[in-house]
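For reference, the structure is listed below as structure tokens.
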Amino acid sequence: MPELPEVETTVSDLKKKIVGLKIIDVWADAKRLIKKSSFEIFKKQIKNAEIKKIERRGKNILIYLNPKSYSAKSDISREAHYTLDLKILLIHQKLTGHLLYGIWMMDKGRWTPKEKGPLNESVNRFIHLVFFLNNGKMLALSDLRKFAKVVLGSAEEILNSKDIKELGPEPLEKTFTLKKLKEAVRDKKAKIKQVLMDQKVIAGIGNIYSDEILWQAKIHPFKPANKLKNKELKAIYEAMGEILEKAVKLRGTSISDFRDPEGRKGNYVEILSVYQREGEECPRCGRKVKRIKLGGRSAHYCPKCQKL
DNA sequence: CGATTCCCCTGATAGC
DNA sequence: TGCTATCAGGGGAATC
């Protein structure tokens, strides 16, 4: 499932590939993915939009669009007007969504990659939304579960929406200090794993990395956040930075079906210590990794290293 | 207000 | 073999 490192991988790749291109058409077979507007309106609004920049905020992908591209670029007032008019295409990939970039042909109702390569082994059968670009290539959203969320709105609208505005701090920003973590976590009575995954507390951490961070910090996932000692908070803070940075460097984890825009898997899966390793030996002490339920989610931990 | 439960969706897997 | 039931899981809404 895409969390901060996976979304960062997607965003940094897409920045290199599609900024400056124009969206000339859109296709979808799961129109429900598009929220807050009908597909027809969405299509009308996005056609001929130019991709200006791409950012990540938490697990959200923000694609800034200039909705109309005029050739009269020398007209400064018009340029200024359209800057104010910028739209944002927000994509949240949820569990199984991911963006792919390439060329596909529709064959017997299925999108098939034109060329041999990683995209062939990818999850093409779950492509439900396709943006056609003016360089002949396509940006496709593959999503097995169809849980992804796609919203188009004015830049102001999107940046002020709950999706973005209510997000907590970015854990990899330099401004995210130990003090900030303490402030965010201090008064929370909930279990630390839940708190780490709460997007309002810290943006971008989900089930995989919360398990990995807590294992490295030697903290039991059920420990109430407000009971953590300074030393423990420091350990969480350091593990968070190290693990997320390493995962970004390794281009994410492909535990379910995450792929980068070219259809390649992330490499962090080989580094995982506890996530989805129930019954395997803890890499630190050899005790068998346990899995416990936490509100419909599963937490993986080492019962010897991570005592409650 | 906080905590819990349900729901969205569908492939994989277990049980019969 | 083939059908049915169960499960996973981010996040939002409804409910306790």
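Convention: sequence-line order gives letters A, B, ...; per-chain numbering from 1.
- Residue contacts shown for A:Gln93 are absent, as no nucleic acid heavy atom lies under 4.0 Å away.
- A:Glu6 and A:Tyr209 share a donor-acceptor pair across their side chains, judged by distance under 3.5 Å alone.
- By the ring-ring contact (aromatic ring centres under 6.0 Å, His included) test, A:Tyr275 is found to be paired with A:His300, residues two or more places apart in sequence or in another chain being considered.
- Residue-to-nucleotide proximity on DNA chain C shows that, of A:Lys149 and A:Arg291, the 5′-proximal contact is made by A:Arg291.
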Check the pair A:Lys17 / A:Glu262 against salt bridge (charged side-chain N to carboxylate O under 4.0 Å, His left out), numbers first and verdict last. CA-CA 11 Å; A:Lys17 292 172 197 294; A:Glu262 292 186 64; 2.9 Å; yes
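- Judged as a salt bridge (charged side-chain N to carboxylate O under 4.0 Å, His left out), the pairs with a partner in residues 291-308 of chain A (not counting sequence neighbours) are, in order, A:Glu278-A:Arg291.
- Residue A:Lys162 is classed as having no contact, given no heavy-atom separation below 4.0 Å to the nucleic acid.
- Distance, A:Lys293 NZ to B:dT5 C1': 13 Å, rounded to whole Å.
- Of all nucleotides in DNA chain C having an atom under 4.0 Å from a heavy atom of chain A, the first and last in 5' to 3' order are C:dA8 to C:dG12.
- Looking at heavy-atom distances under 4.0 Å, A:Tyr209 makes no contact with the nucleic acid at all.
- Note: CG (A:Asn124) to C1' (B:dG11) measures 17 Å, nearest angstrom.
- Within the structure, no pair that satisfies the salt bridge (charged side-chain N to carboxylate O under 4.0 Å, His left out) test touches residues 92-111 of chain A, not counting sequence neighbours.
- Residue pairs that meet the side chain to side chain donor-acceptor pair (under 3.5 Å) test with at least one member in residues 186-197 of chain A, sequence neighbours left out, are A:Lys193-A:Asn207, A:Lys193-A:Ser210, A:Lys193-A:Asp211.
- With sequence neighbours excluded, no residue satisfies salt bridge (charged side-chain N to carboxylate O under 4.0 Å, His left out) with A:Glu166.
- Rounding to whole angstrom units, CG of residue A:Asp198 and P of B:dC1 are separated by 15 Å.
- Here A:Trp111 pairs with A:Trp27 under the ring-ring contact (aromatic ring centres under 6.0 Å, His included) rule; sequence neighbours left out.
- In this structure, A:Glu3 reaches neither bases nor backbone, as no heavy-atom distance under 4.0 Å exists between it and the strands shown.
- Rounded to whole angstrom, the span from the NZ atom of A:Lys94 across to the P atom of B:dC7 amounts to 17 Å.
- Taking for each of A:Gly295 and A:Lys146 the nucleotide of DNA chain B with the nearest heavy atom, the 5'-most of the two is the partner of A:Gly295.
- Qualifying side chain to side chain donor-acceptor pair (under 3.5 Å) partners for A:Arg277, counting only residues two or more places apart in sequence or in other chains: A:Glu280.
- For the segment residues 182-194 of chain A, the set of residues with a heavy atom within less than 4.0 Å of an atom of DNA chain C is empty.
- Counting any heavy atom pair closer than 4.0 Å across all strands shown, A:Asn207 reaches sugar-phosphate atoms only and no base atom.
- In this entry the distance linking CZ of A:Arg297 with C1' of B:dA3 reads 15 Å, nearest Å.
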